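Quick caveat, the model's predicted, so the values are computed rather than measured.
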Amino acid sequence: MRAQSSATASPRIAVGAASAQPGGGASFGTVQAALGVVAFSLTFPATAWGLEGFGPWTLIAVRSILAAAVAGGCLLALRVAPPERRHRLGLAVVGAGVVLGFPLLTTLALQTSTTAHAAVVVGLLPLTTALLSALRVGTRPSRTFWIAALAGAAAVIAFTVQQSGGALTSADAYLFAALLVCAAGYTEGGRLAREMPGWQVIGWALVLCLPLTVPMAAVALSYEPVHLAAHAVTGLLWVAIGSQFLGLVVWYRGMAAIGIPKASQLQLAQPLLTLVWSVLLLGEHLPVAAPLTAAAVLVCIAVTQRARG
């Protein structure tokens with residue numbers, strides 16, 4: 001029996017190790033992280049669509065349950081063993097930050113904020129993630145990296161202040177809190193993705209949150225009206241499958257390959273991508289300052305990706 005168990009477990013360990021360190025090295029890791037950014041850039045427009053037919057609490061809970069169903073199905077189909085005890089605290093941080101905290105806070109913010117405004121505020125996420133990574137994981141990026149990262153953050157802040165007229169709204173409080181919890185989830189998830197496949201990191205985090213999300217959905221559905229429409233259903237499906245699961249799968253794999261600080265700086269492009277989707281999908285007006293901010297941000301991305309830690 002022991003020999004049979006070892007023979008069965010070995011291929012799984014080999015597959016897990018191969019998944020945790022994807023082929024293609026840094027270049028492939030950059031591509032995966034970039035795909036995650038593209039998926040995330042559609043989150044706010046999709047959330048705005050979802051809010052057309054679902055209440056905020058319903059949208060948050062149901063999206064997590066749908067994503068957990070997909071992730072749980074994959075875990076069961078591949079007969080993945082439960083996470084080790086030493087990984088569970090980290091998975092709880094991922095769940096609290098990425099599965100619950102960030103979706104909750106940004107959805108509440110989008111009830112009174114435009115997706116364009118929310119996108120540029122959340123543009124500070126890369127710098128926040130890099131800072132938490134330095135504290136938690138012990139990464140030490142170069143001085144050039146930090147100068148470029150701070151310059152990119154300054155461009156985002158200037159854009160935000162210019163668009164808001166210098167006055168912060170109540171939605172900004174939700175957004176700034178979302179920055180902290182999401183950065184914590186990204187940092188911990190990136191650390192775990194070095195020890196287990198990235199898709200299992202978000203998969204187990206989603207499953208572990210089910211004892212909270214299922215009761216939340218039951219209560220929310222009893223209080224909030226639901227109006228099924230094409231936009232609402234499409235938005236719900238995207239934030240559940242595209243953003244909450246598939247996007248995080250490639251994102252965590254990318255972070256494991258190229259490092260948390262460099263991967264986080266790719267997200268400097270996310271606010272500008274979201275602005276484009278906001279115009280195309282929601283009909284919002286693109287701010288005049290957006291092209292200048294885009295150019296500054298892309299330069300900063302190029303510098304941070306070349307800077308050696």
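C74 and W199 get closest at one heavy-atom pair: CB-CZ3, 3.7 Å. Taking each heavy atom of S41 and V38 in turn, the nearest pair found is OG-O, 2.6 Å. Taking both residues in full, the closest heavy atoms of V201 and G189 are given as CG1-CA, 4.0 Å, listed atom of the first, atom of the second, then distance. In this structure, A193 and A256 approach most closely via the heavy-atom pair O-CB, 3.5 Å. Considering all non-hydrogen atoms of both residues, G247 and V250 come closest at O-CG2, 3.2 Å. Here the closest non-hydrogen pair linking V233 and F54 is N-CE1, 4.3 Å.
We find the OH-CG distance between Y174 and L105 to be 8.0 Å, quoted to the nearest 0.5 Å. Rounded to the nearest 0.5 Å, atoms CG (L91) and CD (E84) are 10.5 Å apart. Rounded to the nearest 0.5 angstrom, L236 CG and H231 NE2 are separated by 14.0 Å. Here L246 contributes atom CG and L35 contributes atom CG; the two are 11.0 Å apart, rounded to the nearest 0.5 Å. Taken from CG in L108 to CD1 in I60, the straight-line distance is 5.5 Å, to the nearest 0.5 Å. Interatomic distance, CZ of R63 versus CD1 of I241, reported as 10.5 Å (0.5 Å rounding).
The shortest distance between side-chain heavy atoms of T47 and L51 falls below 4.5 Å. T107 has its side chain out of reach of Q111: every pair of non-hydrogen atoms, C-beta onward, lies at least 4.5 Å apart. Within the 4.5 Å cutoff, side-chain heavy atoms of Y186 are placed close to those of Y252. A heavy-atom distance below 4.5 Å is not found between the side chains of P103 and V239. No side-chain heavy atom of P271 sits under 4.5 Å from any side-chain heavy atom of L275.
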Check the pair W204 / R88 against side chain to side chain contact (heavy atoms under 4.5 Å, CB included), numbers first and verdict last. CA-CA 9 Å; W204 284 117; R88 291 176 187 174; over 6 Å; no
Checking I202 against V99 for the side chain to side chain contact (heavy atoms under 4.5 Å, CB included) test, could you report, in this order, the C-alpha distance in whole Å, the side-chain angles of both residues, the deciding distance, and whether it holds? CA-CA 8 Å; I202 185 58; V99 177; 4.0 Å; yes
Walk me through whether S243 and W238 qualify under side-chain hydrogen bond (donor to acceptor under 3.5 Å, both in side chains). CA-CA 6 Å; S243 301; W238 179 260; 3.3 Å; yes
As a quick check of understanding, evaluate side chain to side chain contact (heavy atoms under 4.5 Å, CB included) for T187 and T129, giving each step before the final call. CA-CA 6 Å; T187 299; T129 303; 3.9 Å; yes
Test H87 against E195 for side-chain hydrogen bond (donor to acceptor under 3.5 Å, both in side chains), laying out the working first. CA-CA 9 Å; H87 291 150; E195 304 179 24; 2.8 Å; yes
Step-by-step side chain to side chain contact (heavy atoms under 4.5 Å, CB included) determination, T114 to S278: CA-CA 9 Å; T114 65; S278 298; over 6 Å; no
Run the numbers on T213 and S64 for side-chain hydrogen bond (donor to acceptor under 3.5 Å, both in side chains), then give the verdict. CA-CA 7 Å; T213 54; S64 296; 5.7 Å; no
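Not one N or O on the side chain of S113 forms a donor-acceptor pair closer than 3.5 Å with the backbone of L110. A donor-acceptor pair under 3.5 Å is formed between the side chain of Q244 and the backbone N or O of V98. Not a single donor-acceptor pair under 3.5 Å links the side chain of T115 to the backbone N or O of F44. Between the side chain of E224 and the main chain of T58, a donor-acceptor pair closer than 3.5 Å is present.
A continuous path of hydrophobic side-chain contacts links L248 to L273 [ILVMFWY only; heavy atoms under 4.5 Å]. V181 and V94 fall into different hydrophobic clusters, where Ile, Leu, Val, Met, Phe, Trp and Tyr side chains are chained together by heavy-atom contacts under 4.5 Å. Under the 4.5 Å side-chain heavy-atom criterion for grouping Ile, Leu, Val, Met, Phe, Trp and Tyr, W49 is connected to L42 within one hydrophobic cluster. Side-chain heavy atoms closer than 4.5 Å link hydrophobic residues (I, L, V, M, F, W, Y) into clusters, and following such links, even through other members, never connects L104 to L179. A continuous path of hydrophobic side-chain contacts links W277 to V121 [ILVMFWY only; heavy atoms under 4.5 Å].
Note: F40 and W251 have perpendicular aromatic rings, judged against thresholds of 30 and 60 degrees for the angle between ring planes.
Atom CH2 of W57 is surrounded by 12 or fewer heavy atoms from other residues, nucleotides or ligands within 6.0 Å.
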